[in-house]
> 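This structure is in structure tokens; I'll ask about it shortly.
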Amino acid sequence: MRNIIKRLLHTLILVTALLTVSRSHAQYNREYFFWVGRTCMMNNNYQEAIRTLNTLLRFDEEAFEGYFLRGIAKYNLDDLIGAEDDFTTAIRLNPVYTQAFTYRAITRSRLGNYDDALQDFREAIDLRPDLPGPYYSRGVTRLLNQQFKEAISDFDKFIRQEDKVADAYICRGLSYLNLKDTTAAYQNFDRAIRTNRENPNGYNRRGALYMEQKRYVEAEQDFDMAIKCDSNYLLSFFNRALVYSSTHRPMKALSDFDHVIRLDSTSSLTYFNRAMLRTQIGDYNRALEDYDKVALYSPNNVLVYYNRAGVHAQLGSLHKALKDYTSAIELYPDFANAYIYRGRIKMYLNDPKGARRDEETARRKIAEYRSRLSDSTYSIYADTTQHFDRLLSFDSKLAGGGFERIGNRGSSGEEMRLLPLFKFTLLKPDTLPRVESYHQQRVEDFKRRIGNRRMSLSCHVTNIEADSLVMLDKEYLRAVKEGDESWEMLFQRGITQSLIKQFTNSVNTYTAAIELNPSNPFLYLNRSTTRAEMIDFISSIDNSYQRITIDSDPANRLHNHTKRTYSYDEAIADLNKAVKLFPSFAQAYYNRANLRALSGALPEAFEDYTRAIELNPSFGEAYYNRGVVQIFMKDTRKGCLDLSKAGELGITEAYDLLKVHTRKDEQ
């Protein structure tokens with residue numbers, strides 16, 4: 001459904017935007033920025049469009065069209081919170097801006113805020129009842145909100161004005177299908193196909209309905225036609241694979257699943273289905289490979305461990321089977337079937353007591369389910385003891401079939417990472433990824449005092465080769481031995497020692513520099529960062545789950561599930577000193593926030609990020625990390641607003657993280 005809305009959005013917005021050039025005091029500038037912004041959007045360069053519109057809005061804060069266009073750009077980057085905020089500003093500045101109401105409604109619908117979305121659609125339709133677009137979009141929202149009769153009414157109104165849009169018939173057909181009126185659903189899917197015979201979605205929807213009614217011949221024909229329309233539309237191959245499997249043609253089904261995986265190498269659902277199919281034909285080793293992929297991409301899926309345990313048992317790997325059944329039970333403690341089969345494995349492994357315990361647990365849980373039933377369907381009992389070898393449809397949520405509630409076990413933000421610490425480091429001149437707009441005279445004076453053109457205050461990893469760093473460190477050592485023991489030389493050597501992972505030596509060198517110049521905040525900053533990096537290095541060796549490459553910054557370890565903790569007290573103490581010596585040093589507050597976050601002091605970290613932003617309103621990294629911390633504190637909306645601001649300020653990673661949360665909200 002999201003793709004339908006997005007296509008409509010692309011179709012309508014550029015036409016609208018071309019008509020919205022305002023006339024005010026700085027018209028020639030405004031027109032130029034609007035033109036550049038629209039050009040970027042037409043080229044799908046949304047981040048550049050945002051940067052251009054930021055410039056426009058700095059000159060003219062009343063340019064409601066600028067907020068509107070920036071909202072569209074953010075929407076296309078999946079920054080829905082930021083888009084909603086911009087549309088709201090556009091509406092505040094122009095309360096009769098119909099398109100802003102429409103697109104804020106679409107955005108709110110994507111966010112699952114259907115009540116407010118419907119209110120916005122009412123406003124848009126009241127302002128312009130002659131426009132067909134809002135009826136279609138409101139129909140989609142009502143369909144998503146399960147207001148099926150109301151959705152049909154909206155699609156009727158849209159189709160009366162626009163009868164050549166196949167997606168409108170598809171959505172109306174889905175509404176009828178949810179009302180169990182399969183005849184009307186067929187009629188609408190047929191009409192969609194007649195309206196646009198090149199649209200694979202119509203064939204797929206009708207084919208899925210045929211498949212549900214076990215009319216496999218017609219379903220296969222529709223999926224064949226969908227593939228002819230678009231050979232890269234993975235849904236067609238996926239659905240045809242289900243038809244092949246249902247009609248006992250496993251090799252053809254495997255071929256289609258192979259094609260889906262070529263189109264999307266991270267499709268957990270496809271790996272899962274292919275694994276079950278390979279198990280059914282006795283291809284156990286390759287089935288295990290597929291289950292391993294599912295475990296990688298969907299680690300909280302209870303069924304992957306349960307089904308993989310059965311394959312391990314078939315191959316005689318009883319200890320691996322035991323481990324997988326245990327994992328399934330940990331994810332879903334009421335899973336009676338897992339207890340039953342784990343008990344059998346324990347019996348084979350000469351653990352009769354453990355086997356009896358599992359058997360008794362399974363019986364107790366089955367008895368509990370039966371006692372809760374009000375009829376003889378045993379539906380709850382079936383949920384926990386049935387066979388789980390049926391292929392799942394594309395609409396399934398791969399969180400464990402009937403166990404979707406465990407899909408959110410633990411924080412789903414495991415992939416979140418803070419941006420790294422700031423420090424004085426060495427970079428090749430003129431190669432910074434992002435120009436720093438925040439000017440600190442004291443920092444500039446310090447850099448001039450050191451006189452090293454490669455030195456920069458940055459959170460970026462050095463781009464100087466390791467061999468060059470080693471040679472540079474030797475040069476500094478030679479200078480020290482020849483009598484240059486100034487704090488400036490020691491500071492530079494401390495940098496190179498840290499970059500080549502000689503952390504203890506680096507800390508000692510910084511300490512020697514501090515003894516010579518104890519009132520310099522920048523020396524404490526770098527010693528703090530090196531101490532934190534040393535802690536991270538130790539922890540990376542100490543934890544067996546650590547990735548092969550060792551991250552140089554502790555901020556990358558915010559959410560590793562280690563039971564052992566490491567103290568950043570000394571590193572934080574150095575930052576306390578830096579802040580005392582230089583109270584307006586934004587990067588010191590930022591670094592202290594990072595270390596406090598890693599220490600679990602999230603409210604204190606939030607306060608430090610906020611102080612850093614107060615000192616430097618364009619501090620994109622601080623907005624990003626504060627957003628991550630707020631998400632961990634369960635304030636997702638405010639966290640996403642901070643990520644949106646970080647994206648505006650050029651932190652491209654923000655849009656990747658916003659995409660993650662958008663997908664999660666839509667599941």
Side-chain angles (χ1 to χ4, degrees), residues 54 58 417-427 432-450 455-461 491 495 498 510 514 519-533 553-556 558 568 571-599 601-630 638-639 641-654:
N54 286 346
R58 277 198 296 272
R417 298 286 185 268
L418 293 175
L419 297 179
L421 301 172
F422 275 80
K423 61 183 178 181
F424 287 93
T425 187
L426 301 180
L427 294 164
L432 279 177
R434 192 170 69 94
V435 176
E436 176 59 62
S437 60
Y438 179 54
H439 180 78
Q440 300 173 98
Q441 188 59 46
R442 192 166 175 179
V443 171
E444 296 305 314
D445 292 343
F446 176 74
K447 289 163 64 177
R448 277 196 295 271
R449 175 69 180 265
I450 297 298
M455 193 181 79
S456 176
L457 178 58
S458 175
C459 66
H460 299 293
V461 177
F491 181 74
I495 293 175
S498 176
Y510 285 134
I514 288 170
S519 62
N520 191 310
F522 307 123
L523 309 188
Y524 293 99
L525 178 85
N526 266 39
R527 188 172 70 174
S528 168
T529 305
T530 300
R531 281 174 163 165
E533 289 174 344
D553 192 276
N556 287 337
L558 177 59
Y568 295 101
I572 291 174
D574 273 344
L575 292 170
N576 291 341
K577 185 70 172 178
V579 167
K580 185 176 181 180
L581 292 168
F582 186 8
S584 59
F585 192 11
Q587 288 87 344
Y589 290 101
Y590 168 92
N591 281 10
R592 191 169 68 178
N594 273 24
L595 299 185
R596 283 177 165 174
L598 292 167
S599 302
L602 298 184
E604 293 84 352
F606 173 86
E607 291 176 3
D608 271 346
Y609 287 130
T610 301
R611 179 58 179 150
I613 290 167
E614 289 171 353
L615 291 168
N616 176 10
S618 62
F619 204 158
E621 292 85 356
Y623 277 107
Y624 180 96
N625 285 1
R626 190 174 71 171
V628 171
V629 165
Q630 286 184 102
K638 289 183 179 177
L641 281 171
D642 271 349
L643 292 174
S644 172
K645 184 65 176 179
E648 285 182 27
L649 293 169
I651 307 299
T652 57
E653 296 91 337

> Do Tyr589 side-chain atoms and Pro583 backbone N/O form a donor-acceptor pair below 3.5 Å?
yes

> Working to the nearest 0.5 Å, report the span between CG of Asn625 and CG of Leu418.
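The CG atom of Leu418 is 4.5 Å from CG of Asn625, to the nearest 0.5 Å.
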
> Do you know which two heavy atoms are closest between Leu427 and Val461, and how far apart they sit?
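For Leu427 and Val461, the tightest heavy-atom pair comes out as CD2-O, 3.6 Å.
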
> Are the side chain of Ser458 and the backbone N or O of His460 linked by a donor-acceptor pair below 3.5 Å?
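Yes, because the side chain of Ser458 sits within donor-acceptor range (under 3.5 Å) of the backbone of His460.
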
> For a quick test of reading the model, state the closest non-hydrogen atom pair linking Leu421 to Ala532 and the distance between them.
CD1-CB, 4.1 Å

> Quick one: closest heavy-atom pair of Ile613 and Ala622, and the distance?
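It is CG1-CB, 3.7 Å.
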
> Would you say the side-chain atoms of Asp642 and Tyr609 include a donor-acceptor pair closer than 3.5 Å?
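Note: Asp642 and Tyr609 side chains miss the donor-acceptor criterion.
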
> Is any side-chain heavy atom of Glu444 closer than 4.5 Å to a side-chain heavy atom of Gln440?
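Not touching, per the 4.5 Å side-chain cut-off.
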
> Do Glu533 and Thr529 touch side chain to side chain, with heavy atoms closer than 4.5 Å?
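Side chain of Glu533 against side chain of Thr529, heavy atoms only: contact under 4.5 Å found.
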
> Between Arg611 and Asp608, does any side-chain N to carboxylate O distance fall below 4.0 Å?
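Result for this pair is no, no salt bridge flagged.
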
> At their closest point, which heavy atom of Tyr623 faces which heavy atom of Pro617, and how far apart are they?
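Reported closest heavy-atom pair: CE1-O, 3.4 Å.
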
> Is there a side-chain contact (heavy atoms from CB on, under 4.5 Å) between Ile651 and Leu419 once you walk through the steps?
CA-CA 10 Å; Ile651 307 299; Leu419 297 179; 3.7 Å; yes

> Would you confirm whether Asn54, through its side chain, and Glu648, through its main-chain N or O, come within 3.5 Å as a donor-acceptor pair?
yes

> When you measure from the side chain of Ser599 to the backbone of Leu595, do you find a donor-acceptor pair of N or O atoms at a distance under 3.5 Å?
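Indeed, once roles are kept as given, a pair shorter than 3.5 Å links the two residues.
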
> Would you give the length of the straight line joining atom CG of Leu602 to atom CD of Glu604, rounded to the nearest 0.5 angstrom?
8.5 Å

> Taking the side chain as every heavy atom from C-beta outward, state whether Lys638 and Arg626 have any pair of such atoms under 4.5 Å apart.
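The answer is no; the side chains never approach within 4.5 Å.
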
> For Ala588 and Val579, which heavy atoms make the closest approach, and how far apart are they?
CB-CG2, 3.8 Å

> Looking only at non-hydrogen atoms, find the nearest pair between Ala646 and Ala654 and report the distance.
CB-CB, 4.1 Å

> Roughly how far apart are Tyr624 OH and Glu653 CD, rounded to 0.5 Å?
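It comes to 6.0 Å.
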
> Within a reach of under 6.0 Å around NZ of Lys447, are more than 12 heavy atoms found that belong to other residues, nucleotides or ligands?
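Count over threshold, so yes.
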
> So Asp574 and Leu525, do their side chains get closer than 4.5 Å, heavy atoms only?
no

> Which value, rounded to the nearest 0.5 Å, describes the distance between Arg592 atom CZ and Ser528 atom OG?
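The CZ atom of Arg592 sits 10.5 Å away from the OG atom of Ser528.
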
> Can Arg596 and Glu607 be counted as an ion pair, charged N to O under 4.0 angstrom?
no

> Out of Phe491, Phe424, Tyr510, which one pairs with Phe522 under the ring-ring contact (aromatic ring centres under 6.0 Å, His included) rule?
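By the ring-ring contact (aromatic ring centres under 6.0 Å, His included) criterion, Phe522 pairs with just one of Phe491, Phe424, Tyr510: Phe424.
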
> Set out, in order, the CA-CA distance, both residues' side-chain angles and the distance that settles ring-ring contact (aromatic ring centres under 6.0 Å, His included) for Phe619 and Phe422, then state yes or no.
CA-CA 12 Å; Phe619 204 158; Phe422 275 80; 5.5 Å; yes

> Using distance alone, with no hydrogens and no angle criterion, decide if Asn591 and Gln587 have a side-chain donor and acceptor under 3.5 Å apart.
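There is no such pair between these side chains.
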
> If you measure from NZ on Lys577 to OG on Ser519, what distance do you get to the nearest 0.5 Å?
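Answer rounded to 0.5 Å: 9.0 Å.
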
> Test the Arg442-Phe585 pair against the cation-pi criterion, namely NZ or CZ under 6.0 angstrom from the six-membered ring centroid and within 45° of the ring axis.
no

> With rounding to the nearest 0.5 Å, note down the distance linking CG in Leu641 to CG in Leu643.
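Result: 9.0 Å between the selected atoms.
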
